[in-house]
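Contents: one structure, followed by commentary.
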Number of protein chains: 2
Amino acid sequence: MTETIEAPGSVTAMERGSGVALWRQIADRIRQGIAEGTFEEGGRLPPEIALAERFGVNRHTVRGAIAALVQEGVLRAEQGRGTFVQHAPRISYALGRYTRFSANLQGQVRETKGRLLASAVVPADSRTAGALGLDAGASVLRLETVSEADGHPVSRATSWFDAIRFAGMEEAYAKTGSITAAFARCGIDDYMRRSTVVSARHADATVLADLSLSAGAIVLVTVAINEDPEGRAIQFSETLFAADRVELVVAEGL
Amino acid sequence: MTETIEAPGSVTAMERGSGVALWRQIADRIRQGIAEGTFEEGGRLPPEIALAERFGVNRHTVRGAIAALVQEGVLRAEQGRGTFVQHAPRISYALGRYTRFSANLQGQVRETKGRLLASAVVPADSRTAGALGLDAGASVLRLETVSEADGHPVSRATSWFDAIRFAGMEEAYAKTGSITAAFARCGIDDYMRRSTVVSARHADATVLADLSLSAGAIVLVTVAINEDPEGRAIQFSETLFAADRVELVVAEGL
DNA sequence: TATAGTTGTCTATAACAATAGATGAATTTG
DNA sequence: CAAATTCATCTATTGTTATAGACAACTATA
């Protein structure tokens with residue numbers, strides 16, 4: 001028989017009438033409990049009635065939360081037996097001076113891939129121009145990409161490049177599925193992270209679709225600048241990570 | 001006359017029946033628009049009817065979103081004139097090897113303060129013991145604190161210390177409102193950040209109250225270890241930042 | 001095999017969220 | 001001043017969310 005996992009003491013009340021449905025708040029807390037180890041990987045969740053009591057809601061509300069997590073693949077419910085934790089642990093993504101997607105995930109996943117969603121040459125807005133050291137309105141190449149690990153989408157990035165210096169970047173990325181490889185084809189053999197700023201917000205509908213998330217999901221946002229060895233900015237990017245699947249590790253010194 | 005700010009083209013549909021109320025999704029997008037500069041600081045928001053049309057919802061739903069943002073202090077509505085952006089820019093919090101709350105915010109806010117919510121000596125769980133290099137079950141001092149900038153709560157931290165080595169830390173913190181100062185009273189004149197891991201999630205009810213957030217708000221979570229100059233772990237902490245008010249800046253090199 | 005424990009499904013009711021339309025109140029514009 | 005614009009408030013209706021209770025289906029165990 002499987003051991004039932006006992007949860008921690010504090011029964012924090014849910015927020016009612018807050019614009020976020022109770023079942024979603026409970027789903028968040030169960031997911032969080034799994035990430036923190038309160039609910040063990042592969043272990044059995046407490047029965048629905050016990051969860052309902054702990055969260056101070058009706059059993060049917062808990063069922064809504066469980067249904068959502070089953071849908072996501074986080075839980076697996078078996079009639080008569082119980083509900084079990086299926087979730088894979090979070091991926092750790094290192095933020096440092098040397099930051100590359102696939103190198104970053106080595107050892108954590110079997111295979112990584114980048115997919116080009118869209119590309120366009122557009123005039124730079126002031127933020128982009130400032131980041132890349134160009135005049136406002138200069139032509140920049142914008143790439144919309146999704147990066148996947150073992151077939152599951154992990155992040156969605158929008159990147160901007162000097163359209164003149166990096167003409168053909170789009171094609172190179174589409175072929176290789178890697179920014180590093182695409183840079184290499186443009187004569188950039190090495191590059192470094194100049195700055196990274198982290199924030200978080202709810203994913204909008206487009207991002208939900210691209211990252212296969214359910215509505216209300218949270219994304220970690222990094223806004224970063226990469227520079228070449230001479231210190232010239234070559235890429236400005238905003239990357240959205242599914243907060244349920246990824247944690248960002250700040251690499252100190254380096 | 002104030003110029004009405006035109007918003008970007010893409011009218012992304014809201015997600016209905018998703019567990020997140022439409023008014024909250026819209027509030028999130030307006031907040032995001034302010035952060036991204038789509039809606040200018042101090043500028044006027046498009047009128048309610050225009051916003052309703054853009055988001056594909058009823059005017060009353062937009063009003064719900066605006067009411068929530070007015071409540072938060074992000075917007076200010078004036079009958080007959082329009083709705084205006086009030087928001088203060090996000091505080092930038094630097095994550096690096098030398099990370100201290102008040103030094104970090106210097107130049108961004110006038111005054112910083114730490115407030116002790118609770119303290120207790122408890123047996124270390126496995127995560128805490130591992131982080132601090134103690135045996136599981138060893139006595140650790142747990143401090144629950146809130147840090148404020150100009151009177152507004154910015155972060156809420158739970159910190160763990162070796163209860164023997166740092167006896168009296170609680171009192172020292174309560175008096176000084178600063179971890180750095182409290183360390184100094186325990187003979188630690190300098191300390192460094194060993195590791196920082198960033199994630200994000202919804203704030204639970206306790207945190208909402210402590211950070212004066214409205215329900216459904218997102219927090220950035222940093223889990224960090226500080227060490228003394230000899231490289232011994234002296235503090236393990238989990239800090240929650242209001243994602244609407246703070247962005248984390250990864251300080252490269254150092 | 002009988003029983004207890006667990007998830008799955010159904011019905012009904014109440015509370016909250018979203019839409020719709022109408023009207024009032026304050027401000028700006030011509 | 002008159003008209004247009006904009007936010008504020010009210011009533012009514014519909015759909016979604018949450019609660020409540022009852023019972024069926026399945027599993028494990030004594």
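Numbered from 1 within each chain, the chains take letters A, B, ... in sequence-line order. All values derive from a computational prediction rather than experimental measurement.
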[X] [atom1] - [N] [atom2] separation (whole Å):
| X | N | atom1 | atom2 | value |
| --- | --- | --- | --- | --- |
| A:E78 | C:dG8 | CD | P | 10 Å |
| A:L75 | C:dT6 | CG | P | 16 Å |
| B:R81 | D:dC7 | CZ | P | 11 Å |
| A:E48 | D:dT27 | CD | C1' | 14 Å |
| B:L51 | D:dT6 | CG | P | 11 Å |
| B:L22 | C:dC16 | CG | P | 18 Å |
| A:F84 | C:dT7 | CZ | P | 9 Å |
| A:R76 | C:dT7 | CZ | P | 12 Å |

Worksheet entry | Salt-bridge criterion met for A:K113 and A:E111 (N-O under 4.0 Å) | no
Response to the item:
Residues at least two apart in sequence or cross-chain that pass side-chain hydrogen bond (donor to acceptor under 3.5 Å, both in side chains) with B:T112, listed by chain then number, are none
Item to complete: Not counting sequence neighbours, which residues clear side-chain hydrogen bond (donor to acceptor under 3.5 Å, both in side chains) with B:R127? List them please.
Response: none
Worksheet item: Within less than 4.0 Å of OP1 or OP2 of D:dA18, is there a side-chain N or O belonging to A:N58?
Response: no
Worksheet item: Would you say D:dT6 has OP1 or OP2 under 4.0 Å from some side-chain N or O of B:T83?
Response: no
Practice prompt. Working to the nearest 0.5 Å, report the span between CG of B:L51 and CZ of B:F39.
Written response: 6.0 Å
Fill in: Crowding at CD, A:E78 (>12 non-hydrogen neighbours, <6.0 Å)
yes
Discussion item. Is it true that, when you exclude A:I49 itself, more than 12 heavy atoms of the residues, nucleotides or ligands shown sit nearer than 6.0 Å to its CD1?
Written reply: no
Response to the item:
B:P47 has its side chain closest, among D:dT19, C:dA18, D:dT6, to D:dT6
Worksheet item: So which nucleotide from D:dT27, C:dT6, C:dG8 ends up closest to the side chain of A:R44?
Response: C:dT6
Practice prompt. Assess whether one donor atom and one acceptor atom, taken from the side chain of B:Q79 and the base of D:dA8, lie less than 3.5 Å apart.
Written response: no
Discussion item. By the salt bridge (Lys or Arg N to Asp or Glu O under 4.0 Å) test, which pairs, at least two apart or in different chains, include something from residues 55-68 of chain B?
Written reply: B:E48-B:R59, B:E48-B:R63
Under 3.5 Å, which N/O atoms of the protein pair with N/O atoms of nucleotides 9-15 of chain D?
from: D:dC10; atom 1: N4; to: B:H60; atom 2: NE2; distance (Å): 3.0

Worksheet item: Among all residues two or more places apart in sequence or in another chain, which pass the salt bridge (charged side-chain N to carboxylate O under 4.0 Å, His left out) test with B:R201?
Response: A:E36, B:E238
Practice prompt. Find the bend of the helix from C:dT1-D:dA30 to C:dG30-D:dC1 as the angle between its two terminal axes (five pairs each), to the nearest 10°.
Written response: 20°
Worksheet item: Side chain of A:E148, backbone of A:R115: donor and acceptor closer than 3.5 Å?
Response: no
